Amino acid sequence: MGGQGQLQVPSAHLWWPYLMHEHPAYLYSLEVKLTAETASGPVSDFYTLPVGIRTVAVTESQFLINGKPFYFHGVNKHEDADIRGKGFDWPLMMKDFNLLRWLGANAFRTSHYPYAEEVMQLCDRYGIVVIDESPGVGIVLNQSYSSSSLQHHLEVMDELVRRDKNHPAVVMWSVANEPTSFLKPAGYYFKTLIAHTKALDPSRPVTFVTNTNYDVDRAAPYVDVICVNSYYSWYHDPGHLEVIQLQLATELENWYGKYQKPIIQSEYGADAIVGLHHDPPLMFSEEYQKSLLEQYHVVLDQKRKEYVVGELIWNFADFMTDQLPVRVMGNKKGIFTRQRQPKGAAFLLRQRYWKLANETRYHWSAPESQCVGKSPLTL
């Protein structure tokens with residue numbers, strides 16, 4: 001371990017998310033210089049690290065950045081495209097960030113693995129908030145909760161926190177996606193894992209993404225924010241758009257009633273084949289995807305006045321999967337095609353996200369008041 005300490009910056013310019021401040025994503029440059037004495041004299045080297053100063057906090061019903069309520073309106077992504085395949089690609093990433101800004105998105109989750117460091121750096125500079133997720137996906141069998149699996153998962157969180165802890169865009173850790181958290185061994189497993197992650201980084205909340213029923217989830221008691229995936233009228237009651245409002249409202253009310261914690265709708269959506277149209281809306285048509293989103297939004301608009309603090313569409317863009325009878329040349333839940341062309345749902349979300357941004361935007365007529373900013377920086 002290197003040296004540790006706390007930097008104090010008088011009258012600090014704070015790091016703000018995109019669309020939350022007129023000067024978002026302010027970064028300082030921290031320069032570390034080392035000098036060694038050699039036989040030929042002193043030799044110096046230095047390293048410069050971009051640093052953003054901001055705070056994150058969670059209440060029973062709010063997610064706060066710099067003491068102000070923050071509402072996640074964004075996407076889930078994959079590092080995937082039709083030419084490169086799976087992996088990081090600079091031109092594609094710049095295209096994606098331009099689309100995120102066009103969309104009015106202020107956040108995304110790194111589903112379901114850590115993304116390239118260059119992505120985190122762009123998020124810092126663009127003000128795009130990140131829920132940083134470990135590759136804890138597919139934790140479904142009883143043996144998935146073995147001591148050896150837990151030990152490996154603890155090491156994975158060590159590595160993830162060590163790599164990404166100095167990125168101001170990262171506001172929350174996600175330790176897993178859709179585990180079978182109703183199984184008995186899941187309670188101890190996630191209690192240990194989440195406590196370990198909090199010990200590594202006390203400055204950020206910790207979550208995991210669940211699709212388990214609220215009443216039997218053994219891991220939810222240990223998170224700071226409830227992240228829930230649901231696919232009403234797609235995987236559940238397919239074709240029945242009329243059930244969404246009742247089912248979603250009931251689910252959210254049950255989660256909040258039991259845990260009294262802020263909730264993010266971390267996944268929702270429907271497959272749509274670009275150019276496929278039908279009236280009335282039928283599954284796989286662009287109209288059905290839009291109609292499903294609209295039904296979700298009715299409930300989210302009600303609950304965000306109370307305890308819902310975010311919504312992340314599944315997915316930003318179509319992506320390739322294994323060949324399966326339920327997949328039409330991959331997962332088609334993207335609001336953009338795999339080639340990053342917009343479907344009708346992209347324009348629907350753009351209208352919604354910019355409306356949300358205008359409702360929650362903070363206008364500043366003068367620089368921040370005198371304050372001392374504390375950076376959660378560990379060298």
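The basis for the numbers below is simple: all heavy atoms, side chains too, and nothing from hydrogens, waters or symmetry mates. Residues take their numbers from the sequence shown, with the count starting at 1. Worth saying up front: this structure is predicted, and the values here are computed from it rather than measured.
- Classified by interplanar angle (parallel below 30°, tilted 30° to 60°, perpendicular above 60°), the ring pair His236/Tyr232 is tilted.
- The aromatic rings of Phe190 and Phe208 lie parallel to each other, their planes meeting at an angle below 30°, with 60° marking the opposite boundary.
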Side chain to side chain contact (heavy atoms under 4.5 Å, CB included) evaluation trace for Lys261 with Val225: CA-CA 6 Å; Lys261 295 177 181 179; Val225 177; over 6 Å; no
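- Linking ILVMFWY side-chain heavy atoms closer than 4.5 Å, directly or via other members, places Ile226 and Val175 in a single hydrophobic cluster.
- Note: His73 NE2 to Tyr353 OH = 8.0 Å, rounded to the nearest 0.5 Å.
- Other residues, nucleotides and ligands contribute only 12 or fewer heavy atoms inside 6.0 Å of the CZ atom of Arg125.
- The residues Arg304 and Glu359 are annotated as salt-bridged, a charged nitrogen and a carboxylate oxygen being separated by less than 4.0 angstrom.
- For Lys258, the NZ atom sits in a packed shell: over 12 heavy atoms of surrounding residues, nucleotides or ligands are nearer than 6.0 Å.
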From CA spacing to verdict: side chain to side chain contact (heavy atoms under 4.5 Å, CB included), Ser230, Leu248: CA-CA 8 Å; Ser230 65; Leu248 179 60; 4.1 Å; yes
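- The number of heavy-atom neighbours closer than 6.0 Å to NZ of Lys305, taken from other residues, nucleotides and ligands shown, is 12 or below.
- Counted by atom type alone, Gln265 and Glu311 present zero donor-acceptor pairs between their side chains at under 3.5 Å.
- Under the 4.5 Å side-chain heavy-atom criterion for Ile, Leu, Val, Met, Phe, Trp and Tyr, Tyr231 and Ile273 are members of the same hydrophobic cluster.
- Taking a cutoff of 4.0 Å between a charged side-chain nitrogen and a carboxylate oxygen, Lys165 and Asp201 do not qualify as a salt bridge.
- Annotation: Gln351, atom CD; neighbour count of heavy atoms from other residues, nucleotides and ligands within 6.0 Å does not exceed 12.
- Taking the six-membered ring wherever Trp is involved, the centroid distance between the rings of Tyr18 and Tyr126 does not fall below 6.0 Å.
- Looking at Asp217 and Ser181, their side chains do bring a donor and an acceptor atom within 3.5 Å of each other.
- Considering only heavy atoms from C-beta on, Arg352 stays 4.5 Å or farther from Leu293 through its side chain.
- Side chains of Arg109 and Asn76: a donor on one and an acceptor on the other come within 3.5 Å.
- Around NZ of Lys290, the count of heavy atoms belonging to other residues, nucleotides or ligands within 6.0 Å does not exceed 12.
- When hydrophobic clusters are built by joining Ile, Leu, Val, Met, Phe, Trp and Tyr residues whose side-chain heavy atoms come closer than 4.5 Å, directly or via intermediates, Tyr115 is grouped together with Met157.
- Side-chain contact, Tyr189 with Ser144: no donor N or O sits under 3.5 Å from an acceptor N or O.
- Within the 6.0 Å centre-distance limit, the rings of Tyr113 and His78 are counted as a close aromatic pair.
- Using a 30° and 60° split on the angle between ring planes, His297 and Tyr268 fall in the perpendicular class, above 60°.
- A side-chain N or O of Asn229 and one of Glu178 form a donor-acceptor pair less than 3.5 Å apart.
- For the residue pair Glu133/Asn177, the side-chain donor-acceptor check at 3.5 Å is not satisfied.
- Note: Leu193 CG to Leu154 CG = 6.0 Å, rounded to the nearest 0.5 Å.
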Salt bridge (charged side-chain N to carboxylate O under 4.0 Å, His left out) between Glu253 and Lys303, intermediate numbers included: CA-CA 9 Å; Glu253 289 163 7; Lys303 301 306 180 185; 2.7 Å; yes
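- Looking at Tyr256 and Ser61, their side chains never bring a donor and an acceptor atom within 3.5 Å of each other.
- Residue Leu246 is not grouped with residue Leu252 when hydrophobic side chains (ILVMFWY) are merged at heavy-atom distances under 4.5 angstrom, including chains of intermediate members.
- Around atom NZ of Lys95, no more than 12 heavy atoms belonging to other residues, nucleotides or ligands sit under 6.0 Å away.
- Rounding to the nearest 0.5 Å places OH of Tyr188 at 14.5 Å from NZ of Lys184.
- Remark: Asp318 CG to Asp271 CG distance equals 8.0 Å, nearest 0.5 Å.
- Ring centroids of Trp102 and Phe97 are separated by 6.0 Å or more, keeping the two rings apart.
- Between Tyr288 and Trp234, the ring planes are tilted. Angles from 30° to 60° get that label.
- Ring geometry, Phe63 versus Phe72: the interplanar angle exceeds 60°, so the pair is classed perpendicular (tilted spans 30 to 60°).
- Residue Pro168 forms a side chain to side chain contact (heavy atoms under 4.5 Å, CB included) with just one option from Val56, Val130, Leu27, and that option is Leu27.
- Side-chain contact of Thr48 with Ser29: a donor-acceptor pair under 3.5 Å is absent, judged by distance alone.
- Taking the centre of each ring, Trp173 and His167 stay at or above the 6.0 Å mark.
- Considering CD of Glu242 and CD of Gln295, their distance stands at 9.0 Å, rounded to 0.5 Å.
- Linking ILVMFWY residues whenever their side-chain heavy atoms come closer than 4.5 Å, directly or via other members, leaves Leu64 and Val58 in distinct clusters.
- For Thr337 (side chain) and Gln341 (main-chain N/O), a donor-acceptor pair under 3.5 Å exists by modelled atom type.
- For His152, the NE2 atom sits in a loose shell: 12 or fewer heavy atoms of surrounding residues, nucleotides or ligands are nearer than 6.0 Å.
- Between Gln62 and Pro262, the closest side-chain pair of non-hydrogen atoms is not below 4.5 Å.
- We find that Arg327 and Asp322 are not joined by a salt bridge, their nearest charged nitrogen and carboxylate oxygen being 4.0 Å or further apart.
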Derivation of the side chain to side chain contact (heavy atoms under 4.5 Å, CB included) call for Glu117 and Phe88: CA-CA 10 Å; Glu117 290 185 78; Phe88 176 75; over 6 Å; no
Stepwise side chain to side chain contact (heavy atoms under 4.5 Å, CB included) test for Val129 and Asn106: CA-CA 6 Å; Val129 166; Asn106 62 7; 5.7 Å; no
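- Of the inter-residue distances, the one linking Ser233 atom OG with Leu292 atom CG reads 4.0 Å to the nearest 0.5 angstrom.
- Of the charged side-chain nitrogens involved, at least one lies within less than 4.0 Å of a carboxylate oxygen, so that Arg340 and Asp96 count as a salt-bridged pair.
- Aromatic rings from Trp314 and Phe316 are positioned such that their centres are separated by 6.0 Å or more.
- Atom CE of Met329 has 12 or fewer heavy atoms from other residues, nucleotides or ligands within 6.0 Å.
- Under the 3.5 Å distance criterion, with hydrogens and angles disregarded, no donor-acceptor pair is assigned to the side chains of His21 and Tyr26.
- Listed for the Tyr259 side chain is no donor-acceptor partner under 3.5 Å among the backbone atoms of Val223.
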